[in-house]
Structures are given as structure tokens and as C-alpha cells.
2 protein chains.
Amino acid sequence: MIVQSRKTRQKDAIRAAFLSANRPLSPDETLHHARELVEGISIATVYRNIGSLLEENWLTAIALPGETARYEVAGKEHHHHFRCNACHKIFEMPGCGVQFEPNLPKGFRVTGHEFFLSGNCAACR
Amino acid sequence: MIVQSRKTRQKDAIRAAFLSANRPLSPDETLHHARELVEGISIATVYRNIGSLLEENWLTAIALPGETARYEVAGKEHHHHFRCNACHKIFEMPGCGVQFEPNLPKGFRVTGHEFFLSGNCAACR
DNA sequence: ATGCTAACTAAAATAGAGTATCACTAATGC
DNA sequence: GCATTAGTGATACTCTATTTTAGTTAGCAT
């Protein structure tokens, strides 16, 4: 039989990091979480596995204004994110909760929206 | 008398670029617009002048998710932006037009919001 | 248990955006 | 017009995020 991918402690730790954090993580945050499960895991491994988890659609990327991208477990319903200005952690806000009346020039077609709140998280107040 | 700053064709061209474009520009877009007024203007000059126009509060920076920052003439009322998925130009949407009911964990305090629409601009449809 | 090789670590290389340097140009005060 | 020096153009450099490389480890079929 032809082996195409292997189950490794490192990839398991990276998946576990996202599942237990329950919020979007940067590659660096992912590294720190995964290090608690697999000592010595390297940042290159984190990047490589984030890449393959994205390809598998187990993760999705979250682009943020003025910040490096975060990643979260895929398949959640449409929702938005909150950034703490003190600790810079990103949190999920379940549900969309946004209504808008775009004031756009003629001929523009809207296909998507992104919404971000910022402020202070409970731990930073 | 001590001269503190000089009026240059280049800085005028950069200001003119923002005024005529009437939408937020990246440094590179600014360069191309300004080149039509001052042949041979350099990207270093664009960065330098964007920097000084920010200090003068003539420009403000706009951070975008997954994109390099754009700059627009300062002092406009609170508004949001639209990104064309085809040409990647950013457009302004006058007025805020957003209502939201954040579904946040206990203890979080909201101090700001950012909102972006995406789709296709009139020229790209 | 062994062999094959995917996946790993550590380090170096790359990429892209922005900044610094320096010789030269040109705006301004006299 | 001339001297002064801020601003410019070209390019080298920095910084940070990410990718690649080379050598090593370990998952899995046999």
C-alpha cells in the first residue's frame, strides 16, 4: 500500500492547539500552544501543518486589518472577530449580527463583507 | 529666516494624486498617479512624502485585511471601504451605515469597529 | 524487525514592504 | 545671482513573516 500521509505527534498537537484555544491563532501562538504538548516542535512544522490543514479544509485563514493572519477550525457558521487592543488576541463572535446599507456608486456589486470589533477583552480590563 | 520645509513638484504631485484619485491609494498606486505629473519621481519620495503628510494629518492610513495599507485624505467623516476582487482597488463608501449587535463574552468592552465590503466595481463587471 | 520515505528540526534563504544612505538637484532667503 | 540646505533618485539595507534546504527521526507496510 502506498502511504500518502502520516499521523504525527506534531500535527496532532497543532490540531489540539486550535481545538483547545477555541479562538483564531497566529502561527506563533500555535507554536506556543503546541509546545506544551510536543516539546521542541519547530515553527517550520507549524507553518507546514497549517498549510496542509488549510488544504484539507480543516482550517481557514482569517485576514485581519494591520495584523498577520490567524487561522481557525473550518466549518463554523458565518461570524466575525474581536481584537483586544491590549493583548492583541483575536476572539470569535458567534453569529453575524451586522446590518448595513451600503452607500456605493452605481454599478458596484457586493458579494461579501468583513467586520471587526476592537476593544478590551475580559482578561485585560 | 530659517526654512523648515520646501514646496516641491513631487510633494504637490503626490497630494494631487490623492485628490484626483478620490479613493485610498497604496504607495505604489500613488507612484503611478504621481508619475503622470512628475516624470521620474521615485518610490522613496512617495514613501517619504506619505510619511510627512501623515505627520501633518493631511493623510490617514487605512489598514485592510490581507492587503498592504492604503492612504486617503484625512478629515473625512467616519466611513468604510469597498474592495474590488478583480482590480483590487479600494473605494470609499460615504457614511457609516452599519448597525451591529455584538455577541461577545462577558466582560468585553467594545471601543471601535471596522467594516469592509468586497465584490466588483463598476469598471470590472 | 526492517526498509522506505514522509515528516521533523534547525538553520539558512527568500519575499515583500518599508527605511536609510548618499551624491546630486533645486527651492528659498538674501 | 548666489549660497545654503531640504528634498530627491537610485539603490542598499532592514525587518519580519514565511519557505526551503539538508540532514535526521520516526510512522507504517511488509
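Everything numeric here is computed off the predicted structure, so don't read it as measured data. All values below come from the heavy atoms of this structure, side chains included, with hydrogens, waters and symmetry mates left out. Numbers restart at 1 for each chain; the letters A, B, ... are given by sequence-line order, proteins then strands.
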Original post:
Rounded to the nearest Å, what distance is computed from the CG atom of residue A:Leu31 to the C1' atom of nucleotide C:dC8?
Top reply: 14 Å

Original post:
Nearest to the side chain of A:Thr68, which nucleotide is it out of C:dA10, C:dA27, D:dA17?
Top reply: D:dA17

Original post:
Counting just side-chain N and O atoms, does B:Thr45 come under 4.0 Å of either OP1 or OP2 of D:dG9?
Top reply: yes

Original post:
Out of C:dA10, D:dC28, C:dA26, which nucleotide sits closest to the side chain of A:Lys7?
Top reply: D:dC28

Original post:
With sugar-phosphate meaning primed atoms plus P, OP1 and OP2, does B:Gly40 contact a base, only sugar-phosphate, or nothing at under 4.0 Å between heavy atoms?
Top reply: sugar-phosphate

Original post:
Side chain of B:Arg48, base of D:dG9: donor and acceptor closer than 3.5 Å?
Top reply: yes

Subject >> Phosphate-side-chain proximity, A:Thr8 and C:dC8, N/O vs OP1/OP2 below 4.0 Å >> reply: yes

**OP:** Take B:His80 and B:His113 through the test ring pair (Phe, Tyr, Trp, His ring centres under 6.0 Å) and record every step on the way to the result.
**Re:** CA-CA 10 Å; B:His80 300 289; B:His113 69 276; 5.2 Å; yes

Subject >> Gap between atoms CG and P, on B:Asp12 and C:dA26 respectively (whole Å) >> reply: 15 Å

**OP:** With the side chain of A:Ala44 defined as its heavy atoms from C-beta on, choose the nearest nucleotide among C:dA26, C:dA7, C:dA10.
**Re:** C:dA10

Subject >> For atom CZ of B:Arg6 and atom C1' of C:dA27, their distance in whole Å >> reply: 5 Å

**OP:** Scan B:Ile41 against the nucleic acid and name what it touches under 4.0 Å (heavy atoms): base, sugar-phosphate only, or nothing.
**Re:** sugar-phosphate

**OP:** Verify ring pair (Phe, Tyr, Trp, His ring centres under 6.0 Å) between B:Phe116 and A:Phe115, making sure each step is shown before the conclusion.
**Re:** CA-CA 6 Å; B:Phe116 304 92; A:Phe115 180 68; 9.6 Å; no

Original post:
So among A:Arg70, A:Glu92, A:Glu114, A:Glu72, which one has a side-chain hydrogen bond (donor to acceptor under 3.5 Å, both in side chains) with A:His81?
Top reply: A:Glu72

Original post:
Which whole-number value in Å describes the distance from B:Ile43 CD1 to C:dA20 C1'?
Top reply: 15 Å

Subject >> B:Asp28 CG to C:dA17 C1', straight-line distance once rounded to whole Å >> reply: 11 Å

Original post:
For the side chain of A:Pro27, counting heavy atoms from C-beta on, which of C:dT9, D:dT18, C:dA27 is nearest?
Top reply: D:dT18

Original post:
With respect to the side chain of B:Tyr71, which nucleotide from C:dT5, D:dT4, C:dG18 is positioned closest?
Top reply: C:dG18

Original post:
Taking the side chain from A:His79 and the backbone from A:Glu77, do they hold a donor-acceptor pair closer than 3.5 Å?
Top reply: yes

Original post:
Are A:Gln4 and C:dT5 close enough that a side-chain N or O sits under 4.0 Å from OP1 or OP2?
Top reply: no

**OP:** Could you check how far CG of B:Leu53 sits from P of D:dG7, rounded to whole Å?
**Re:** 12 Å

**OP:** Indicate, with a heavy-atom threshold strictly under 4.0 Å, whether B:Asn49 touches base, sugar-phosphate, or nothing.
**Re:** sugar-phosphate

Original post:
Taking B:Arg109 for the side chain and A:Ser118 for the main chain, is one N or O donor matched with an acceptor at less than 3.5 Å?
Top reply: no

Original post:
Which whole-number value in Å describes the distance from A:Glu67 CD to D:dT18 P?
Top reply: 12 Å

**OP:** Please check if atom NZ in A:Lys7 has more than 12 non-hydrogen atoms from other residues, nucleotides or ligands closer than 6.0 Å.
**Re:** no

Original post:
How close or far is atom C1' of C:dA11 from atom OH of A:Tyr47, stated in whole angstroms?
Top reply: 15 Å

Original post:
OP1 or OP2 of C:dT9 less than 4.0 angstrom from a side-chain nitrogen or oxygen of A:Gln10, does that happen here?
Top reply: yes

